[in-house]
Structures are given as C-alpha cells and as structure tokens.
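Residue indices begin at 1 and follow the sequence shown.
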Amino acid sequence: MTRRIALLTLLLATASAPALAQEVEAISVWGQRANDLGRATSASEGRIAYADFASRPLLRPGELIEAVPGLAATQHSGAGKANQYFLRGFNLDHGTDLAASLDGVPLNLPSHGHGQGYLDLNVLTPEFVHDISFKKGPYSAENGDFATAGAVAFETADHLHGDGLQVWAGENDYYRAVGSKALTSNVLVAADITTNDGAWTASEDLRKINLLGRAIVSGWSITALAYDARWNATDQIPRRAVDSGLLDRLDTVDATDGGTTSRYMLSARKRDLLRGLDTVAYIQRYKLDVFSNFTYFLDDPVNGDQFEQVDQRWIYGGAITKRWTLGQGWSARTGVTARVDDIGKVGLYRTTARQRRATVRQDALTQWSTAVWGEASRRFGQLDVTAGLRADAMGADVKAGDPRNAGTVSDVLLSPKLALAWRISKTFELYADAGRGFHSNDARGAVITVDPVSGDPAERAPLISPTDGAELGLRWRRDDLTLTAAAWALHVDSELVYVGDAGFTEASGATRRRGIELLADWRPTARLNLTASYAGTHARFTNGDRIPNAVASVFTGGASWKLGPTSSVTLTYRRLGAAPLIEDNSVRSRPTGLVNALFVQDFGPASLMVEVLNLTDSRRDDIAYVYASRLPGEPADGVEDVHFHPVEPRAIRAGIKINF
C-alpha cells in the first residue's frame, strides 16, 4: 500500500509539473526514485517528488532546499531572515548565484536592500510543496539571472495532499499549526502558523503566518499566497567574548536586532500538455525592514553600529514556454520572460535600538529584464544532443537620494548552451555540458559615483557579470542501486558586488572553481533506503588567493526505515566542511556536522510525529566570518576576530496529524 501511495504521488507530481525539454531524474537526498536514464541532459539535474522529502526533519523551512545534493542552508541571524546558502564553492550569501522559483514565479530579488538576489525561502510551507526540480551549472537555456551555481524550482500541488491538520509543540515555546481544506473540487485553502522563542538568551519571539489559496478556473491555476513574519535576531558574536566568558555562546551583543517582512503573491498559470504550452503571469508585493549590528561599537562608540535596511517593491512579470515537435527526430523548446521591479523605497539608515539616527542612502528605482531563449534536441544513434541560446536584456532607472548616484543603465548578454547525453546501455549514461550564465549586480552599484558615507569616488559594478562553465558526468543504475558522478568547472569574470550593508560597491576579482559531486542511492530491502552525497570544491581567485567562506566540501547522508506497517524513522546527516575565512587561508572555519531524526507512528487517520533536531547536541558553528569589531572598552580601531553564529542546541518537537 505504501509503495502504491508513493507511486501515485510521483505520478501526480509528474503530471502537474511544467513542460521540460527532457524529463529529469528524480534525485533526492533520501527516498524512492524513478529510473529516468535516457531523459536527463546532465548528471547534476534532478527532480524530487513529495514522497522523497515528506518525512524530512527540518529546523527551518529554508532547509527544504538541502534536499538538493551538495546544497547547504545555514543562518547567521533570526529565523525570519533569508538563509545563507552554499553550493559549488559559492558562499551564495542570501541567493546571489542561486535562482529559485515557486510555481513558475521567481523568488530572487534584484537590487535588494540587504543583498543582491535576496532569496527568502520562509515563504515556503514544506507541506504545501509536492515537487522540487533542480539544475546545477549554467547549462540550461531556460535558466537566466542568478542561476550561476544552480536553479531550484518548487511546485505546489493543485490539491495538496488531502485535507488535514497538523499541530506541533516543542521546546523554547515552539508551536506550529498547519492545515489544508478543499472547499470544492477546484478550490482549496491552507494555512501555516508558527511561533517560536528559540534557544537564545534573548527571546527570538518569531511570529509567522503563511496562507495559500488556489482555484482552478478554465484550466488556469489561480494562486494567492500571503506571508508575514516578525522576529528578534541573535546575530553572530565575537569568539573572543565567548572565550573570555563575557558572553555565552547563545548570547547576543545587541538584543534589539530583528525585523519584519511580508510577501504577497498572486499568480495565474496554465499548462497545456497537448499544445506543449506553459504560461504564467504574476504580481507580487514585498516588504522588508531588518535591523542588524555586526561591528557593535566600532564606527560609533556612543550610539553603536546598528543599521536598518528597508526594501519595498511591487513585482510584475510572466513567462511563456512552448515545446515543438519538428520532425526527422528533432524537438525544440522556446521561451520568453519579462519582469519589472518597481522599487518604491530601498534604504540604509543608522539606528540605535531600532530608532533612526541618520540616513546613509535612500533610493527608488525601476528595474526591468526580459529574455528570449530556445533549445533544439535530436538523437543521433545513442547520442542525444541539445543546443541552446539565451538572450537577456535588462536595465534600470535609479532615482537616488544623492543625485550624484542617480542614473540609468542597461546591458545585454548572449549565452550559448550545449548538452550531450550518450546512452551506453540501459543502465549506464555519460554526459557532457557547457554553457554561459550570469548574475546581475545591484543597479545602484552600476550607476554609483561616490561613496555615500565618505564621499570618495566609488567603483561601478557591471550590471551583468557572466560565468562560463562545463561539466562531465555519468549515471549508472542497476536493480536498487543508483550512482551519479559529475566533475565541473566555473569561471566568473568578476565578483565585484554592491554591499547592501554599507551602501557601496566592493571590489572582488575574477574567480575559478572546480569540483566533483558523487551521489549514491541504495534500497537494499523494501523497508530500508540509504543515500549519501558528497560535493568537493577547489575555489580560488585567479591571482591564487582563497575565496572567503568558499566551503571545500558538503556531505549529506540519509537513512529511512519502515519499522512496521504503521511506523517509520528517518535520520539525516549534513557535514559542512571547513572554509578559508580570509584570502591567505591563515584563519579557517571549523567543520560542522548535524544529525536530525523524525519518528512517525500512524493510527488510522491520525499520526504521531516526534522530531529531534541536532540529535547529538553539536556545539559547532552554523557560520563564521572574520572582520574587525569593537566591544566597550576595546581599542578604537577594533579587534580582528572570528565572529560566529552557533548551531541551535538539541530540540525535541512533537506533532499530531489528522487526515479528514
């Protein structure tokens, strides 16, 4: 019965997924997978069905993205802020080189107040997601801005997974309720409400709500999503203060850090499988108001260094994808996308205890982007060849508070793509991929002329920063064992970026990254599924210097046991390897390993769930940086030190799920 339910879920996910050039392998960190040899165009792409991640233990919603092999999500601040992502030797900050979408609607935010490409996955409710597809590297014509290291597409189900209610409770005043209800055969509503004080000395006081409504009208899927959150943040703290006993590892220096955010999305999507059309249009309203203090009393010994970042915008856009059958073995896909970000306010302010003292800069801008792309595929014997080309154009009109930093800018980029898949046998396939991709830079950094703080001349960043990449890979499957391997390389022309925390551009040279990825999935018995993935990366600036926070390795493993007809247990392990914290590699972060567990016991229409997060109670760092900061009584020029955010202590949560 369990296998039939899993198969039905997978079939529903496949039927409702958007049209793709080729079906891709269902790769998951653990769980059942389909044998899709002969359909994928690279070794590093895949699709994960709901049955494969439904029992995944999660500390935060953004960790759902760790179902993608080799991708890690951490946090250096409060739970309402976007995660920090790591993939293929990139410290992706909050999303600069990782593109993500939800039901075809892009989630990254360009020219954002906190960081370019800001990607806040707290908008997701994991129980509402039924399918995750991913493609790593710049080899696919359909993926554009921010897809340098990879692109991840989340899909929600038209009918979710049946009517039901979940109620959770856990340590540190953690409470969560998740429910969904089909009002008619074509209308559903769902809600996710969470509160959590966290393990920190200063209460996190997280209050979060996600609402989802969907109606199927004349073949169109009309979706409304609302997300609201507020929180207090415990940001990274200096190692010296913990070593001396001045601070506990769960303390904070500035207890007034935190923020509020909201995102409202309305989208319409129609997938016409007979005509090969996938059409989506959307409108979004987004706000963020976040307070941070990373250097404490370095810049202002009296009032402190807290700053506020504000972003308020409307987003309009859409995309059309068409599949073509051309005859004589040829097939093709074409697409066009367009987007406008009407950013009414993006600002940086000096604050004390969330009260504004001074404006560093306050701007408004309109940013647009459009793209046309196409790819053609044909099989020559055992060899599948896919060639693609993408043309991107974007521009912006920046109305800066300081007229010297106002202006207009635009740029275009052509990106060729090539994918080869050689079917050696029914169980073995080889791949070769190459292509150009890019990430955009903050439009304010592309027109800036003076540093808003010092008034000194400022270096401009290009609006588009190209990346060239290539990959060789293989996939082998026999019986219940699947092995996947990939070797890849990426060259980034420039990593000059606009720093939202400071309001100016920061120079960073060209980089080269190369690495390997290995994935094994084994189902030795009908009740046991084991998986493991390893990603190793060599990352350098072209002058030989190390790239700070370029993690050298990510290892994930999982085991899922069916203990009996009505019970199961899942264990996951993630090890984030060490990384250089400064260019000369004299200071490095420490590896961090985390074990999570989830036990489920079914009682007919009800289920009991017990989740243990950080099972071994690790006291390692979630993330670490090196920079200068100043605590009261320290030298005026501060102290260079490691600043870290610890992983959260072991936490136990229990939930009851009732299916109606």
Side-chain angles (χ1 to χ4, degrees), residues 75-78 80-82 84 93-94 112-115 118 200-202 204 231-244 246-260 288-311 346-363 401-402 442 444 450-456 458 497-506 548-549 581-582 623-646:
Q75 182 58 271
H76 75 95
S77 187
K81 193 175 176 182
Q84 199 95 3
D93 193 31
H94 297 295
H112 187 270
H114 186 67
Y118 189 80
W200 317 106
T201 303
E204 189 170 37
W231 69 96
N232 298 322
T234 297
D235 286 323
Q236 62 260 23
I237 56 177
R239 184 86 68 195
R240 64 185 183 276
V242 176
D243 292 343
S244 68
L246 181 64
L247 292 177
D248 181 80
R249 59 188 297 272
L250 300 178
D251 282 346
T252 184
V253 176
D254 192 336
T256 65
D257 290 348
T260 61
L288 174 73
D289 192 358
V290 62
F291 299 85
S292 308
N293 188 347
F294 304 137
T295 55
Y296 322 126
F297 295 93
L298 179 64
D299 298 328
D300 191 329
V302 177
N303 298 298
D305 298 350
Q306 189 184 75
F307 57 92
E308 176 188 10
Q309 293 165 313
V310 171
D311 192 294
V346 56
L348 176 63
Y349 311 91
R350 301 299 180 202
T351 59
T352 299
R354 302 196 186 190
Q355 300 299 310
R356 290 183 187 175
R357 294 185 289 103
T359 298
V360 178
R361 67 178 301 174
Q362 180 175 301
D363 311 309
D402 184 341
D442 193 302
R444 291 171 294 169
V450 298
D451 185 310
V453 176
S454 67
D456 296 334
V497 295
Y498 179 89
V499 182
D501 295 354
F504 59 81
T505 53
E506 181 176 74
N549 287 108
L581 297 182
I582 55 179
I623 195 167
Y625 311 89
V626 165
Y627 57 84
S629 65
R630 181 180 181 273
L631 298 170
E634 291 185 333
D637 55 356
V639 178
E640 188 96 349
D641 195 9
V642 173
H643 297 74
F644 73 101
H645 192 261

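Judged purely by atom type and a 3.5 angstrom limit, Y118 uses its side chain to pair as donor or acceptor with the backbone of A82. The backbone N or O of A624 lies less than 3.5 Å from a partner atom in the side chain of N549, making a donor-acceptor pair. No side-chain donor-acceptor contact under 3.5 Å links H643 to the backbone of T295. No donor-acceptor pair under 3.5 Å is formed between the side chain of Q236 and the backbone N or O of V642. Remark: the backbone N or O of R354 is paired with a side-chain donor or acceptor of Q306 at under 3.5 angstrom. A donor-acceptor pair under 3.5 Å is absent between the side-chain atoms of N293 and the main chain of D254, judged by distance alone.
A pairwise comparison of heavy atoms in P238 and Y296 identifies CD-OH, 3.2 Å as the closest pair. When all heavy atoms of E308 and R356 are compared, the closest pair comes out as OE1-NE, 2.7 Å. In plain terms, the two heavy atoms of V360 and V453 that are nearest each other are CG1-CG2, 3.8 Å. Shortest non-hydrogen contact noted between R240 and S629 is NH2-OG, 3.0 Å. Taking both residues in full, the closest heavy atoms of A241 and L631 are given as CB-CD1, 3.9 Å, listed atom of the first, atom of the second, then distance. Nearest heavy atoms, R444 versus H112: NH2-O, 3.1 Å.
Rounded to the nearest 0.5 angstrom, I623 CD1 and F644 CZ are separated by 13.0 Å. The distance from the CZ atom of R630 to the CG atom of D641 is 15.0 Å, given to the nearest 0.5 Å. Note that the OG1 atom of T201 and the CG atom of D251 stand 3.5 Å from one another [nearest 0.5 Å]. From D311, atom CG reaches atom CG of L348 across 12.0 Å, with rounding to the nearest 0.5 Å. Taking CG of D305 as the start and CZ of F297 as the end, the distance is 8.0 Å to the nearest 0.5 Å. Taken from OG1 in T234 to CG in D257, the straight-line distance is 8.5 Å, to the nearest 0.5 Å.
Below 30°, between 30° and 60°, or above 60°: for Y627 and Y625 the angle between ring planes is between 30° and 60°, a tilted geometry. Using cut-offs of 30° and 60° on the angle between ring planes, the pair H114 and H76 is parallel.
Side-chain contact between N303 and Q355 is absent, with no heavy atoms from C-beta onward closer than 4.5 Å.
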Q) Step by step, would you call D289 with T260 a side chain to side chain donor-acceptor pair (under 3.5 Å)? A) CA-CA 5 Å; D289 192 358; T260 61; 4.9 Å; no
Q) Should S77 and D235 be marked as a side chain to side chain donor-acceptor pair (under 3.5 Å) after you check the CA-CA gap, both sets of side-chain angles, and the distance that decides it? A) CA-CA 4 Å; S77 187; D235 286 323; 2.6 Å; yes
Q. Taking it one step at a time, do F291 and T256 satisfy side-chain contact (heavy atoms from CB on, under 4.5 Å)?
A. CA-CA 8 Å; F291 299 85; T256 65; over 6 Å; no
Q) For L288 and Q309, what are the C-alpha separation, side-chain angles and deciding distance, and is it a side-chain contact (heavy atoms from CB on, under 4.5 Å)? A) CA-CA 8 Å; L288 174 73; Q309 293 165 313; 5.7 Å; no
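With respect to the salt-bridge test (charged N to carboxylate O, under 4.0 angstrom), the residues R357 and D300 qualify.
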